[in-house]
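Excluded from the calculations below are hydrogen atoms, water molecules and symmetry mates; all remaining heavy atoms, backbone and side chain alike, are included. Numbers for residues simply follow the sequence, beginning at 1. Being a predicted model, the structure only gives us computed values, none of them experimental. In listed order, ligands and their atoms are each counted from 1.
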Amino acid sequence: MLKRITENIYFIEDPYRAKPPRCHCLYVEDDLRVLIDSSSGPEIVNAIGPHGVDLLLTSHFHMDHTLNHNSFSGADIWVHSLDAPGVKSERKYIELLGFTKFGQEELGQEYVRLMNIQGCPVTGEFVDGQVLNLGKTEIEVVHLPGHSAGHCGFYFPQHDILYSADIDLSRRGPWYGGVSSDIDAFIASIRRIKDMQPSIIISSHLGVITDRIQKRIENYVDQIYLKDERLLQALKTPQTLDDMVNNHLFHEEAPRQLIRFYNFFEKAWISVHLERLERLSLVKREGQLYYRS
Ligand SMILES: [Zn+2]
């Protein structure tokens, strides 16, 4: 599970291919022992526990990055201030994903129970550009908002390695199914990574990426523009948000027992996308009805 990638940095490969609610993580064994994200099941606790963790750096508040935080008792937990509320409290988690905005607080509570999401104490907040010196290793915080408002990556300047978290370069493209998501900010963050030209990207859900990084980044951002097109195509016929959700514009039909959650995330996803198209004056809204302008 622990794969050494430099003298002090270990890639923690999730044994279940990092499918949410799991992710790949990083561990740095230095004077200060740092774990970046923790959602790799009980396996990560067994693998890292004996080495010890002084500081847990959290890329963002989503549970597929924080589920084992409480297993490393005694470790400091740091996160960007904009995502700190969602790490600390289940109620804020529900709010930041948008359950409250859409009047589905109870569904949010059910989601929190189903996924076993538990708030944990945040003992520190970091900011963009902050450099952490662990002994031999330096880590620079890179604020990459869009996936969530406080989403951050972590850059190792001595090795030109970037842990890009949920700018994960997956084929399905960026995920923005929460009200703290913002597509335009996401695009700017993807561009920032592209300009950094790191030699190695560690993606939370794809793992270590060393080849065709620039091309993969382009393909990734293109998924947003393809979805713009799909949405604009659908809005040749004016529709309400609920019409679009029922037509499963972006996500395929869900397993029956999970359909309410799938529909919720589809709704949050489409609404974030509509916000972008309204800003671009490509979509207009009259009452509940959206149409192409
Ligand atoms: Zn996420």
Side-chain angles (χ1 to χ4, degrees), residues 12 14 16-26 35-41 44 56-69 77-90 92-99 108 111-112 114-120 122 126 141-154 162-183 185-190 192-193 201-207 209 217 220-221 223-224 227 250-251 261-262 264-269 271-273:
I12 305 174
D14 181 76
Y16 296 91
R17 303 182 65 203
K19 293 238 164 70
R22 306 179 66 111
C23 74
H24 299 302
C25 308
L26 274 189
L35 178 62
I36 299 181
D37 290 343
S38 72
S39 290
S40 214
I44 194 173
L56 240 162
L57 294 178
T58 314
S59 63
H60 62 297
F61 77 95
H62 292 160
M63 54 86 183
D64 58 331
H65 298 258
T66 63
L67 276 184
N68 289 304
H69 273 30
I77 297 174
W78 290 9
V79 64
H80 190 280
S81 58
L82 293 173
D83 274 26
V87 175
K88 286 188 220 170
S89 122
E90 296 98 20
K92 282 286 174 189
Y93 193 101
I94 288 168
E95 200 177 300
L96 286 176
L97 276 186
F99 286 103
Y111 181 75
V112 160
L114 185 75
M115 295 297 172
N116 198 23
I117 297 165
Q118 293 170 356
C120 51
V122 171
F126 43 65
V141 176
V142 189
H143 184 208
L144 300 167
H147 178 69
S148 69
H151 179 272
C152 287
F154 301 101
L162 175 71
Y163 179 84
S164 65
D166 272 359
I167 299 188
D168 64 6
L169 307 190
S170 63
R171 281 199 181 169
R172 61 175 157 64
W175 188 98
Y176 35 83
V179 291
S180 82
S181 301
D182 181 298
I183 299 180
F186 213 139
I187 291 170
S189 293
I190 297 168
R192 184 171 178 192
I193 286 187
I201 280 186
I202 316 274
S203 147
S204 288
H205 298 291
L206 287 192
I209 300 172
I217 293 174
Y220 186 67
V221 76
Q223 291 302 317
I224 292 176
K227 290 186 178 82
F250 290 141
H251 296 94
F261 299 115
Y262 269 65
F264 169 76
F265 285 114
E266 177 87 355
K267 189 177 210 170
W269 185 287
S271 113
V272 167
H273 219 111

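Of all the N, O or S atoms in His60, the one closest to the Zn ion (ligand 1) is NE2. If you look at His62 and ask which of its N, O or S atoms sits nearest the Zn ion (ligand 1), the answer is ND1. Note on Asp166: its N/O/S atom closest to the Zn ion (ligand 1) is OD2. Looking at His147, its N, O or S atom nearest to the Zn ion (ligand 1) turns out to be NE2.
Side chain to side chain, Tyr163 and Ser204 meet the donor-acceptor criterion of an N or O pair below 3.5 Å. For the residue pair Asp166 and His205, a side-chain donor N or O sits within less than 3.5 Å of a side-chain acceptor on the partner.
At a cut-off of 2.8 Å, Asp64 does not coordinate the Zn ion (ligand 1) through any N, O or S atom. Contact annotation: His151 places no N, O or S atom under 2.8 Å from the Zn ion (ligand 1).
Just one of His24, His60, His147 meets the ring pair (Phe, Tyr, Trp, His ring centres under 6.0 Å) condition when paired with His65; it is His60. Under the ring pair (Phe, Tyr, Trp, His ring centres under 6.0 Å) test applied with Phe99, the options Tyr93, Phe261, Tyr111 reduce to a single match, Tyr111.
Across all non-hydrogen atoms, the minimal contact from Ser203 to Asp168 is OG-O, 2.9 Å.
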